[in-house]
Visitor: 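Below is a structure I'd like to ask you about.
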Amino acid sequence: MCPGGSSASAGMAPTAAGMRAAQPLSDLAAAAANAVTAANIAESNLPNDLDDEPLYAARRKIYPQHVSGTFRRLKWALLVVTLGIYYFLPFVRWDRGPNAPNQAVLIDFPGRRFYFFFIEIWPQEVYYLTGLLIVAAMALFLMNAVAGRLWCGYLCPQTVWTDLFVTVERWIEGDRREHLLRDQQPWSFERAARAAAKHFCWLMIAWWTGGAWVLYFGDAPTLVRELATFKAPPVAYGFIAILTFTTYALAGWMREQVCVYMCPWPRIQAALTDEYALNVCYRYDRGEPRASLKKAAALHEHGLPAGDCIDCRQCVYVCPTGVDIRNGPNLGCIQCGLCIDACDAVMAKIGRASRLIAYDNDQNIRARQQGGKTSYQFVRTRTVLYAAIIAVVGGVMAYTLATRHAQALTVIHDRNPLFVRLSDGSVRNGYAVHIANKHRESQNFVLQVTGLAGADVETIGSERNAEGEPVVAVGPDQTRQVRVIVTTRQPLEPEASIPLTFSILTASGEVGATATDRFVGP
Ligand code: SF4
Ligand code: SF4
């Protein structure tokens, strides 16, 4: 089985073992294959068969080797784009006119607004966040249904920052071999100096990461000046300290352990995947039985088969989580594709076809093994469903954003008392009316209440226009609450509950917003 996850990890071992057992190998071939298999298991950095392992295993430090290739280039590009957005987006300006912040992306807690370029979200519109979360979850599910842990391998902040930290480490400590050898030497001035330089750089990146985070919560250039002159609010320094520590610890020290032990997504992902999803797979139909070039030549001399895998372990050396992908799916495999690049480079050197490790699935590998046809089905019930949910929720959000009014109205009926009977027999109901003005200028809204013929509408603390209608002035980008009293002298049915419509009219006489409530009687 190719789909990733611990639940699937046990499935691959019998598959590969069964495959080797079924082949009519001579003693020579069997010895070669078995020797290679045993070595692989012994040297594997992470356990694939958890039943045979103790429940606790000390961490083995991983020294990922540099690799070049298609997936590495893709990861570089995504690293530059994602980190570039994160670090520099707070400095992007967006003109919203006077009396409004000009930062493109801003979470304004004091002003209780979220600004995202031309979108401005008010606290009462937090349902957009719900929509955004649904779209994000469905996008994650869709990625998983198409090609496994795409999020983990290329976009997850843990992966991106770890990649950056590993790159810095490689610049300072050297590539895998050099770093490994130095770590085995006793401490020297050079070793200590390199380690100190590495940790200093890591801390600087971590500090910048924390610093960039707080810039999303205030005007970035102003906040930078305040931070530099120690005039920023203490909470800003607190968050920078917390994020500096977490970034340094998670990306510098914990790395793959976050993916293997802390993150819930690999477990959820394993439960959500199916047999059609593509995953980074070792194509054992091509690779087995593994044999070095020398052994392969010997096997061929005897007319025996040898696979394309020469057991050079380059795929393991480049793996940032220390997985041997040839042992089958593993919870530790974040599916970054770097082992594909490493193996492709080996195949190119020895003149064999590329993609011995590739995005594939076990169904296709078995089909090839049995001489059958492979099939790649991207359009399946689940992919269509996920895409449809994304389209519907995204479409509804886009529509409501495009058509929403620049003013809003909410009405809350008095809870106690629900009504008051006056000495002249008339009945009175009270309401708290909130009017939000999202314009950058003050607005005068005419308040109308319809549904109860002949009723008096009184607003406390507002003017009246020439027609005697209540006019409520609301400042720019503000909300105002007014108390509205509706009184009727008409006889009412016992326990009457009459629907009322509250409307606000803009200066041009258009209905800006409406809300409904009820007038209740004794
Ligand atoms: S890099 Fe390729 S050839 Fe080398 S061990 Fe890995 S799968 Fe085999
Ligand atoms: S096994 Fe390959 S795809 Fe998986 S994490 Fe390691 S290098 Fe990346």
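One-based numbering, in listed order, for ligands and for the atoms of each.
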Visitor: Report the nearest protein non-hydrogen atom to atom 3 (S) of ligand 1: residue, atom name, distance rounded to 0.1 Å.
Guide: Ile310 N, 3.5 Å

Visitor: Would you say the ring centroid of Phe71 lies under 6.0 angstrom from that of Tyr359?
Guide: yes

Visitor: Does the distance from a Lys or Arg side-chain N to an Asp or Glu carboxylate O, for Asp311 and Lys295, drop under 4.0 Å?
Guide: no

Visitor: With a 3.5 Å cut-off and no angle check, do the side chains of Trp161 and Thr247 form a donor-acceptor pair?
Guide: no

Visitor: Is it the case that the side chains of Glu256 and Tyr261 hold a donor-acceptor pair, with the cut-off being a distance below 3.5 Å and no angle test?
Guide: no

Visitor: Answer with yes or no after comparing the ring centroid distance for Trp208 and Tyr87 against a 6.0 Å cut-off, counting only values under it.
Guide: yes

Visitor: Mind checking what makes salt bridge (Lys or Arg N to Asp or Glu O under 4.0 Å) contact with Asp175, not counting sequence neighbours?
Guide: Arg170

Visitor: Starting from atom 4 (Fe) of ligand 1, find the nearest protein heavy-atom neighbour and note its residue, name and distance.
Guide: Cys312 SG, 2.3 Å

Visitor: Within the 4.0 Å heavy-atom shell around Cys343, which atoms of ligand 1 are there?
Guide: 1 (S), 2 (Fe), 7 (S)

Visitor: Please identify which atoms of ligand 1 are closer than 4.0 Å to at least one heavy atom of Ile357.
Guide: 7 (S)

Visitor: When rounded to the nearest 0.5 angstrom, what distance separates CG in Asp219 from CZ in Phe91?
Guide: 9.5 Å

Visitor: Has Cys315 got an N/O/S atom less than 2.8 Å from atom 8 (Fe) of ligand 1?
Guide: no

Visitor: Out of all atoms in ligand 1, which are within 4.0 Å of some heavy atom of Arg313? Include the element for each.
Guide: 4 (Fe), 5 (S)

Visitor: Between Gln185 and Arg191, does any side-chain donor sit less than 3.5 Å from a side-chain acceptor?
Guide: no

Visitor: With a 4.0 Å heavy-atom cut-off (strictly under), which part of Asp311 contacts ligand 1: side chain, backbone, both or neither?
Guide: backbone

Visitor: Keeping waters out of it, list the protein N, O or S atoms under 2.8 Å from atom 8 (Fe) of ligand 2.
Guide: Cys336 SG

Visitor: One thing to verify: whether Asp360 and Arg368 come together as a salt bridge, which I'm taking to mean a side-chain N less than 4.0 angstrom from a carboxylate O.
Guide: yes

Visitor: With a 3.5 Å cut-off and no angle check, do the side chains of Trp171 and Glu169 form a donor-acceptor pair?
Guide: no

Visitor: Relative to the heavy atoms of Met347, which atoms of ligand 1 are at a distance of less than 4.0 Å?
Guide: 3 (S)

Visitor: Which of the atoms of ligand 1 are close to Cys309, meaning less than 4.0 Å from one of its heavy atoms?
Guide: 3 (S), 5 (S), 7 (S), 8 (Fe)

